[in-house]
Asks: 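The structure follows.
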Amino acid sequence: MADASSQDRAAASSTAPTRRALYEAGVRRRANRIALISTLSVIVAIFVLVPLAPGWEAVQKSFFNGRVFAATFPGLLDAFVLNVMIFAWSAPLIALTGLAIALCRDARAPALFPLRLFGIAYTDIFRGLPVVLVIYIIGFGVPGLGLPRPWNSPYIWGTLALVLVYSAYVAEVIRSGIDSIHQSQRSAAASLGLSDRDTMRYVVLPQAIRNVVPANMNLFIALQKDVALLSFIGPVEVFRQAGVYKSLYANFTPYVGAALIFLALTIPATRYADYLMNKQNKARR
Amino acid sequence: MSAKLSLRGVRKRFGDHEVCKGIDLEVAEGEMVCLIGASGSGKSTLLRCMNLLEPIDDGSIWLDGVDISEPGLNRQPVRQKIGIVFQSYNLFPHMTAAENVMLAPRRVKGQTRDALRPRVEALFTRFGLGDRMEHYPDQLSGGQQQRVAIIRALAMQPEIMLFDEITSALDPELVGEVLDVLRDLRAEGMTMVLATHEMGFARELADKVCFLDAGRILEQAPPEALFSNPREPRTKAFLARVL
């Protein structure tokens, strides 16, 4: 008898929700309702209140002008291809340079001390300067040497400036990844007779780099935005193209168009980086 | 018979704390020596000194009549001859079990995967892991991981194996499978030094048991003598607590 009733209970629990499940579902429904109502009221407030501002009409005309938007958006997209290209050839260079600098900073042999010093100086200097300043100094300075074409191209020197700055940050991230690998992994490698070099290459680095993928993704999202800074030294990428349109139409709407293009790329990338980060945090717990 | 490995007056300090206070120990070829003693008595540190993971401050360590504690000596050839297995396994988590085992023979001895494969497969099969070679460490139980760690050390064909409390992190039901591996190696005549809390195991298989207390070997004797008839009061007190 007792057997049969416990079987009943087991069967019931697999189909009907338990008291606790019912209670939690109720709590969840209420929380969702409250979140929805508060979000909607904020949105309504913005749409109702902002147009009541005295300067709204002027702002609408100069920033959210549908006609100008339609006329300029295709041109902005074309210009954005240049951003993507500059990003595409900078990113691998940054990854490689960052890794090299991180390894320089980790060099332990006395003969390599200059390398270590270089690594420290490099990261200190380039993390300490505004990106736009480095772009100005290199982008205007180096071509001033009067080099022959194509060596006076702002693309080359602008890219170099981005690589210098961003690889300093990437190097620091990779180094933190190297530090995060537990000493016992190095002990295990050493006890098998592996050299320091092989220990780094086969044991420490593969784990370190895997650990810092999400952090580096955030850096590369920032890089995608900072490509726009190259417009200051010449290349007509999306930001500069928006400026050209602004002058042409005497209207700021092209800037909003450019902003939308950036967001279309950076928001999914940011979400993905967060997703990776969360996954990693969960795996560690 | 001259000793395979001998420690003479070995001292090791971490900062102000002296962990080994002059240790003398002889390990003969094919012998199994067990180090017992409370946590913090210096067992692990002593093992780490033996394969030069920790530099010693004073005294000397001799392998086949050569002083391997000479400062500045190239440590890699020594470590190839002395394998160590750690309490926490320390497998490389980003490699399969087979890759864990083959890394050192490939990189240090320049052997190819193809040449290694039969020998590595034989080792895995011998220790009951024939179907686990392509698993990653986090897909294996603690006992399986520890056996892979032992295989990894054996793949370098060491002359001496050191075991640092290799069953201490394992669930009780997994201890047996790892001890079986040690029995197997013992039967094969491997020279071994174990730091262990498995008193029954030490009693069954060791040639010599050393009781460490506060960085000194207080007493060393064959297991029967040490376990049934300890000379030192501290040894008696320790055994009374653990047996």
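Order of the sequence lines sets the chain letters (A, B, ...), proteins ahead of strands, with each chain counted from 1. Everything numeric in this text was worked out from a predicted model, so none of it was measured.
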Asks: Can you confirm whether Arg13(B) is buried at CZ, in the sense that more than 12 heavy atoms of other residues, nucleotides or ligands lie under 6.0 Å from that atom?
Replies: yes
Asks: Give me the atom names and distance for the closest heavy-atom approach of Ile166(B) to Phe86(B).
Replies: CG2-O, 4.1 Å
Asks: Less than 3.5 Å apart, which donor and acceptor atoms pair up between the side chains of residues 84-104 of chain A and the rest of the protein, not counting sequence neighbours?
Replies:
residue  : atom : partner   : partner atom : Å
Trp89(A) : NE1  : Thr159(A) : OG1          : 2.9
Ser90(A) : OG   : Ile86(A)  : O            : 2.6
Thr97(A) : OG1  : Leu93(A)  : O            : 2.5

Asks: Pro93(B), Ala155(B), Ala149(B), Pro158(B): which one forms the most heavy-atom pairs within less than 4.5 Å of chain A?
Replies: Pro93(B)
Asks: Please evaluate residues Asp64(B) and Glu159(B) with respect to the criterion side-chain contact (heavy atoms from CB on, under 4.5 Å), reporting the C-alpha separation (whole Å), side-chain torsions for both, the decisive distance (0.1 Å), and the verdict.
Replies: CA-CA 10 Å; Asp64(B) 292 327; Glu159(B) 295 165 15; 3.5 Å; yes
Asks: Measure Arg75(B) against the heavy atoms of chain A and call it side chain, backbone, both or neither at under 4.5 Å.
Replies: neither
Asks: Answer with side chain, backbone, both or neither: which region of Leu162(B) has an atom nearer than 4.5 Å to a non-hydrogen atom of chain A?
Replies: neither
Asks: Heavy-atom cut-off 4.5 Å, strictly under: side chain, backbone, both or neither for Leu52(B) against chain A?
Replies: neither
Asks: Could you name the residues of residues 98-111 of chain B that have a heavy atom within less than 4.5 Å of a heavy atom in chain A?
Replies: Leu103(B), Ala104(B), Arg107(B), Val108(B)
Asks: Taking CG in Asp196(A) as the centre, count heavy atoms belonging to other residues, nucleotides or ligands within less than 6.0 Å. Is the count above 12?
Replies: no
Asks: Counting the benzene-type ring for Trp, do Phe80(A) and Phe262(A) have ring centres under 6.0 Å apart?
Replies: yes
Asks: Quick one: CD on Gln146(B) to OG on Ser141(B), what's the gap to the nearest 0.5 Å?
Replies: 10.5 Å
Asks: List the atom of Gly142(B), the atom of Leu174(B), and the distance in Å for their closest heavy-atom pair.
Replies: N-CD1, 4.2 Å
Asks: Identify which part of Arg201(A) has an atom lying under 4.5 Å from any heavy atom of chain B, answering side chain, backbone, both or neither.
Replies: side chain
